[in-house]
Amino acid sequence: DTGVSQNPRHKITKRGQNVTFRCDPISEHNRLYWYRQTLGQGPEFLTYFQNEAQLEKSRLLSDRFSAERPKGSFSTLEIQRTEQGDSAMYLCASSFGGGRNTNEKLFFGSGTQLSVL
Amino acid sequence: AQTVTQSQPEMSVQEAETVTLSCTYDTSESDYYLFWYKQPPSRQMILVIRQEAYKQQNATENRFSVNFQKAAKSFSLKISDSQLGDAAMYFCGGSQGNLIFGKGTKLSVKP
C-alpha cells in the first residue's frame, strides 16, 4: 500500500492526557497537511509542511497542539492536556507541489479518530 | 482572508439524473485554485475536480464538470448520469495559500 498512512486509527484517552498521532505520507511527496474534522463539518485546516519546514499554522490552533516533520518524511501531531473539545477525526494529507498556493491534488489518509472522555 | 460557503446541507438525485451542488468562494486575491473533494462513508477524501481561477474554461472530468463564475464567486459542481457510488459528502475547497473547505453537502442517490 503506497497511500498515506495514519496511526493509530482510533484513540481513546482521558481528559488531561497527552496524545500523539503519526502520519506517513506518500514517499515522494514534499508537502504534508493536517486537518481536523468533526461530525457534520468540513475538514478544518490545522497546519502544513513543505519538506521539514512548517510553513503555515492555523490561528485556531491552540498552543497545546504541536506538529513536527523531522527530515521531511513522516509527521507527528501531539495534543497536550487533551480536552473533550479535541474529540474529532484528525486527517493527514500529502502532495507534491510548489508555489505559494496549494494547487495540486491532495492524497488523504483514513484519519485518526480521537475520543476524549 | 478566504471563506468557502456551501449552502446546501443535503441534496438528493435519482440515479442517471443530473444534480448540481453549489459553492461560493470569497477572496480578495486573484490567484487561487478551487477544488471539489468527495468523502464516502470510509471518510477518505478523494479529489473530484480542480479549477484554476485564471482559466476561463470550466474544468470537466468525465461525468463531473464545474461552472465557475469568477465575478459571482460561484463554483458549482454538476454530476451527470448520477450513479449509486456518487453518494457521499462533497466538499468545496479554495486555495489561497493553504486549502480550506466548506461544510459540505451530503448527496444521496436514489435507485
Side-chain angles (χ1 to χ4, degrees), chain A residues 1-6 9-10 23 25-26 29-50 53-61 67 88-114, chain B residues 1-10 21-25 27-55 59 61 64 68 75 77 88-107:
Chain A
D1 185 10
T2 56
V4 177
S5 177
Q6 290 189 249
R9 290 295 302 273
H10 303 274
C23 173
I26 294 172
H29 284 180
N30 60 339
R31 287 182 168 176
L32 187 148
Y33 300 78
W34 285 100
Y35 288 85
R36 175 173 62 191
Q37 187 178 26
T38 54
L39 274 177
Q41 300 294 317
E44 174 189 27
F45 170 79
L46 295 180
T47 188
Y48 92 97
F49 294 83
Q50 182 153 311
Q54 188 171 18
L55 293 191
E56 193 163 344
K57 187 175 176 180
S58 170
R59 286 172 290 178
L60 302 175
L61 206 61
M89 174 74 81
Y90 290 82
L91 296 170
C92 176
S94 72
S95 67
F96 185 77
R100 188 179 74 92
N101 295 335
T102 297
N103 55 33
E104 70 281 7
K105 175 182 177 180
L106 268 59
F107 292 79
F108 282 81
S110 297
T112 293
Q113 181 67 52
L114 173 66
Chain B
Q2 50 176 340
T3 58
V4 181
T5 304
Q6 293 181 254
S7 58
Q8 306 156 315
E10 295 187 27
L21 308 184
S22 301
C23 173
T24 59
Y25 178 63
T27 177
S28 57
E29 299 286 330
S30 59
D31 179 23
Y32 57 89
Y33 297 81
L34 296 169
F35 303 81
W36 279 96
Y37 276 82
K38 168 184 176 181
Q39 188 178 44
S42 67
R43 301 198 75 176
Q44 189 159 19
M45 300 270 284
I46 302 165
L47 177 67
V48 175
I49 198 165
R50 180 182 71 170
Q51 174 78 40
E52 298 168 32
Y54 63 86
K55 285 190 175 179
E61 286 286 343
F64 300 88
F68 177 44
F75 181 60
L77 173 69
M89 287 292 295
Y90 285 82
F91 294 99
C92 175
S95 161
Q96 172 201 313
N98 66 76
L99 173 59
I100 67 167
F101 292 96
K103 292 188 174 183
T105 297
K106 182 179 180 180
L107 178 66

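Hydrogens, waters and symmetry mates are skipped; everything else that's a heavy atom, side chains included, is used. Each chain gets a letter, A, B and so on, in the order its sequence line appears, and its residues count up from 1.
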Test side-chain contact (heavy atoms from CB on, under 4.5 Å) on L106(A) and Y37(B) and set out the steps.
-> CA-CA 10 Å; L106(A) 268 59; Y37(B) 276 82; 3.3 Å; yes

Answer with side chain, backbone, both or neither: which region of [X] has an atom nearer than 4.5 Å to a non-hydrogen atom of chain B?
X	result
L55(A)	neither
Q113(A)	side chain
F107(A)	neither
Q37(A)	both
Q41(A)	both

Is the count of non-hydrogen atoms from other residues, nucleotides or ligands lying under 6.0 Å from K106(B) atom NZ greater than 12?
->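 Incorrect, the count does not exceed 12.
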
Could you tell me which residues in residues 45-53 of chain B have at least one non-hydrogen atom under 4.5 Å from a non-hydrogen atom of chain A, sorted by residue number?
-> M45(B), L47(B), R50(B)

Least distance between heavy atoms, Q44(B) atom then S110(A) atom | OE1-OG, 3.7 Å

Minimum-distance pair of heavy atoms, taken over all atoms of G42(A) and F91(B) = CA-CE2, 3.2 Å

Identify which part of Q39(B) has an atom lying under 4.5 Å from any heavy atom of chain A, answering side chain, backbone, both or neither.
-> side chain

How many angstroms lie between CD in E104(A) and OH in Y33(B), if you round to the nearest 0.5 Å?
->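 Here the interatomic distance stands at 9.5 Å.
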
Out of curiosity, F45(A) CZ to N98(B) CG, how far, rounded to the nearest 0.5 Å?
-> 4.0 Å

Check for a donor-acceptor pair, side chain of Y33(A) on one end and backbone N or O of L99(B) on the other, with a separation under 3.5 Å.
-> no

May I have all residue pairs that pass salt bridge (Lys or Arg N to Asp or Glu O under 4.0 Å) and include part of residues 35-46 of chain B, sequence neighbours excluded?
->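 Matches after skipping sequence neighbours: none remain.
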
